[in-house]
Participant: 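One structure, as structure tokens, below. Some questions next.
A quick note: this is a predicted structure, and the numbers were derived from the prediction, not measured. Residue numbering restarts at 1 for every chain, and letters A, B, ... go by the order of the sequence lines.
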There are 2 protein chains.
Amino acid sequence: MKRPTIMDIARRAGVSKGAVSMALNGQPGVSEATRRRILQVAQELDWHPNNAARALSAARAGAIGLVLARPARTLGVEPFFFQLISGLQAELSERRIALLLQVVDDHVAEMELYRQWWSERRVDGVFVIDLRAQDERVRLLEKLGLPALVIGGPGHHGELPSVWADDAHGMRSIVTHLTGLGHKRIARVAGLPELLHTQRRTAAFREATRGLAGWTVSTDYSGEQGAEATRRLLAAPEPPTAIVYDNDVMAVAGVAVAAELGVPVPERLSVVAWDDSPLCQLLHPQLTALTRDTFAFGARAARALLDVLDGAGGGDLEDHVPELVARESTAPPAQ
Amino acid sequence: MKRPTIMDIARRAGVSKGAVSMALNGQPGVSEATRRRILQVAQELDWHPNNAARALSAARAGAIGLVLARPARTLGVEPFFFQLISGLQAELSERRIALLLQVVDDHVAEMELYRQWWSERRVDGVFVIDLRAQDERVRLLEKLGLPALVIGGPGHHGELPSVWADDAHGMRSIVTHLTGLGHKRIARVAGLPELLHTQRRTAAFREATRGLAGWTVSTDYSGEQGAEATRRLLAAPEPPTAIVYDNDVMAVAGVAVAAELGVPVPERLSVVAWDDSPLCQLLHPQLTALTRDTFAFGARAARALLDVLDGAGGGDLEDHVPELVARESTAPPAQ
DNA sequence: CTGTTAGCGCGTTCAG
DNA sequence: CTGAACGCGCTAACAG
């Protein structure tokens, strides 16, 4: 009743260990008849490969790592992460590869973990998120030779392969939507300014709002800072008539602040959220949002990393373009 | 420059493989001097144990599994999960044990995964969440002999060890708060009714509201259903003056619905959220909520499972009592 | 007590 | 198709 090994199958099928291995792996070297018999016996014994043994002989861990280094309080991005992880993993599990998840405080801990994982061969590769300009993690990963894929990566010229979305396009569609409604004073409440994708969006925003009054304020992605930024923006002598938020949680916080200040949305202030979530549809007014299929994005990222591990791929892979969903929180500016 | 093995250390230190192993593991059998020399060499070579090899010889995977089987759309519980996972993992990583996370559609897939993980010895144990009455997973886990710990478990008489919080106490503190304010008509928007912890809360709520008008409606934890339930409650001939929501997202949705219907919170309707989150503090009014230290809860759960794996422990472990934080969304009922 | 040797764990691979 | 060795670390039995 103990776990059967290949030797058990071999004995019972009257063949050698090697033959069983080939049969089980669909390798040539055994006759069809023997193969069937062996598979039959394996079935009977309910044999399953021991992962550790496989990993040892294959010199592969059968696992991919993902480190979340955002501080815990920056909870705003969760819906995104949850979807992303689901997607990553849907793809990985097809290939029976595990996802190792670890939450750490900062990049220092994250890098330490990469060293550890790789030195112990706990993972075959890692996903890297929230890249910064001159990110030290990139250097480390390259030095270590730990295969990595950057999610939402640099877009171009990256040292590491990456999968990314066309932020510029998304930003244009938002601004076009707002200007189409007649807005001329558009503010943006951005996420962490050191992140590359924030910078890309900022550049795209600047470009798209050329000729208008458009300005960006930075936050750490948290609802608190989103609220605070909104408060400041609305207190200005010439407040914006529309605000674009870099995530859904800040948008929600912004709407709450507007309500608190007696600024009706969308009559006096239009609001757009980058990243959709059920939350956006629960509020009143429902939030106009840029939706992207984060699950699919994750799946693509996983496939891309697997390709890299298989020796194929590399380079950049552009994801599908996000789509703007106009709901109730955007309207022509007052008067 | 290739990964050094124990043999490399042995050669370089002029001793045998076995000696190195003992030295490295702090086992007796080598002199202090030799041990130091060996450790020195290991350091120089930057040796790290190969996880697969260790797992193979120790017959342990060095990993714990966690399956999330909630349907993806039930996003309401995410803040909770994120905290929980962080907590689990903070504790596991201390012991260099990995957390394998997998998201699946339903319990069938979840159970299939348990079989697979265990048959391949991918994990040493698993965390089980959202237990139901007569949960089929429990039977499977016992049949397999896969060590498991139920999170938010049955509380008592469970077949599997569990860690749980005193829901009854939390519920009492909520109801006491509301009745203290003068409320006599209290409704509750509950989560999935088949979950044991929902049932526990329902029972506690019934008990605590004895003598008052108190009633519970069920949802799937999603914001949509929370909104829908709120709509129905407020449309009743004698609507409640206070509503208790089983999670934060439904509470947020409920407040939005109240606003939409022109029911001011807290003047005409008091709202309490079970589970706090930054969200609760961002809205206006800020939500009165039952906060629990989910991170710590996760850490305790992890420790409990590790104890089980070490042969110790078992049984139930009660977590700290959640605490009610009164904010702006609760007030005496109108007139 | 200090250290060595042999062999295990489990699946893969390759010369024969 | 078989036999043997390998990957890497652990450990029991044994010798100095």
Participant: Within 45° of the axis and under 6.0 Å from the centre of the six-membered ring of B:Trp118, does NZ or CZ of B:Arg122 qualify?
Facilitator: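 No, cation not above the ring by the 6.0 Å, 45° rule.
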Participant: Among D:dT2, D:dC1, D:dC8, which is the nearest nucleotide to the side chain of B:Ala53?
Facilitator: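 The closest nucleotide is D:dC8.
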Participant: Hey, which of these two, A:Gly29 or B:Pro49, hits DNA chain D nearer its 5' end, going by closest nucleotide?
Facilitator: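 With A:Gly29 and B:Pro49 compared, the 5'-side residue is A:Gly29.
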Participant: Between P on D:dC1 and CZ on A:Arg35, what's the gap in Å once rounded to a whole number?
Facilitator: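 For the pair A:Arg35 CZ and D:dC1 P, the rounded distance is 9 Å.
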Participant: If I take atom CD1 from residue B:Ile85 and atom CG from residue B:Leu92, how far apart are they, to the nearest 0.5 angstrom?
Facilitator: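 If we round to the nearest 0.5 Å, B:Ile85:CD1 and B:Leu92:CG are 11.5 Å apart.
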Participant: Could you check how far CG of A:Asp8 sits from C1' of C:dG9, rounded to whole Å?
Facilitator: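 Roughly 13 Å, once rounded to whole Å.
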Participant: Hey, which of these two, B:Leu56 or B:Val15, hits DNA chain C nearer its 5' end, going by closest nucleotide?
Facilitator: B:Val15
Participant: Nearest whole angstrom, please: distance from the C1' of C:dT12 to the CD1 of A:Ile6.
Facilitator: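 That distance rounds to 8 Å.
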Participant: Taking for each residue the nucleotide of DNA chain C bearing the nearest heavy atom, is the 5' side occupied by A:Gln27 or by B:Gly18?
Facilitator: B:Gly18
Participant: Hey, are A:Glu120 and B:Arg96 close enough for a salt bridge, meaning a charged N less than 4.0 Å from a carboxylate O?
Facilitator: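 Yes, this pair counts.
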Participant: B:Ala19 near the nucleic acid: base, sugar-phosphate alone, or nothing, with a heavy-atom cut-off under 4.0 Å?
Facilitator: base
Participant: In whole Å, what is the span from the CE atom of B:Met7 to the P atom of D:dG9?
Facilitator: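 After rounding, the gap between these two atoms is 11 Å.
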Participant: Provide, to the nearest angstrom, the distance between the CZ atom belonging to B:Arg60 and the P atom belonging to C:dG9.
Facilitator: 17 Å
Participant: For A:Trp47 and C:dC10, is the shortest distance between a side-chain N/O and OP1 or OP2 below 4.0 Å?
Facilitator: no
Participant: Should the side chain of B:Lys17 and the base of C:dG7 be counted as holding a donor-acceptor pair, with the cut-off at 3.5 Å?
Facilitator: yes
Participant: Is the phosphate of D:dC8, meaning OP1 or OP2, less than 4.0 Å from a side-chain N or O of B:Arg54?
Facilitator: no
Participant: Answer with base, sugar-phosphate or nothing: what part of the nucleic acid does B:Ser31 contact at a heavy-atom distance below 4.0 Å?
Facilitator: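 Sugar-phosphate: the residue B:Ser31, judged by heavy atoms under 4.0 Å, touches backbone atoms but no base.
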Participant: So, is B:Thr34 near the phosphate of C:dT2, with a side-chain N or O under 4.0 Å from OP1 or OP2?
Facilitator: no
Participant: Side chain of A:Asn50 only, heavy atoms from C-beta on: which candidate in C:dG3, C:dT13, C:dG11 is closest?
Facilitator: C:dG11
Participant: Taking only Lys NZ, Arg NE, NH1 and NH2, and the carboxylate oxygens of Asp or Glu, determine whether A:Glu44 and A:Arg12 approach each other closer than 4.0 Å.
Facilitator: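 Yes, A:Glu44 and A:Arg12 are salt-bridged.
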Participant: Nearest heavy-atom pair of A:Arg35 and A:Met22: which atoms, and what distance?
Facilitator: NH1-O, 3.5 Å
Participant: Closer than 4.0 Å, any side-chain N/O of B:Thr5 to the OP1 or OP2 of D:dG7?
Facilitator: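 So the side-chain polar atoms of B:Thr5 never come under 4.0 Å of the phosphate oxygens OP1 or OP2 of D:dG7.
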Participant: May I ask you to decide whether A:Asp310 forms a salt bridge with A:Arg95, counting only side-chain N to carboxylate O separations under 4.0 Å?
Facilitator: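 Looking at A:Asp310 and A:Arg95, the cut-off is met.
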Participant: Determine: side-chain N/O of B:Ser57 to OP1/OP2 of D:dC10, distance under 4.0 Å, yes or no.
Facilitator: no
Participant: Rounded to the nearest Å, what distance is computed from the CG atom of residue A:Asn51 to the C1' atom of nucleotide C:dC10?
Facilitator: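 Distance check: A:Asn51 CG to C:dC10 C1' gives 12 Å.
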Participant: Rounded to the Å, how far apart are B:Leu24 CG and D:dC8 P?
Facilitator: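 B:Leu24 atom CG is separated from D:dC8 atom P by 15 Å.
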Participant: Calculate the interatomic distance between A:His48 atom NE2 and C:dG11 atom P; express it in whole Å.
Facilitator: 11 Å
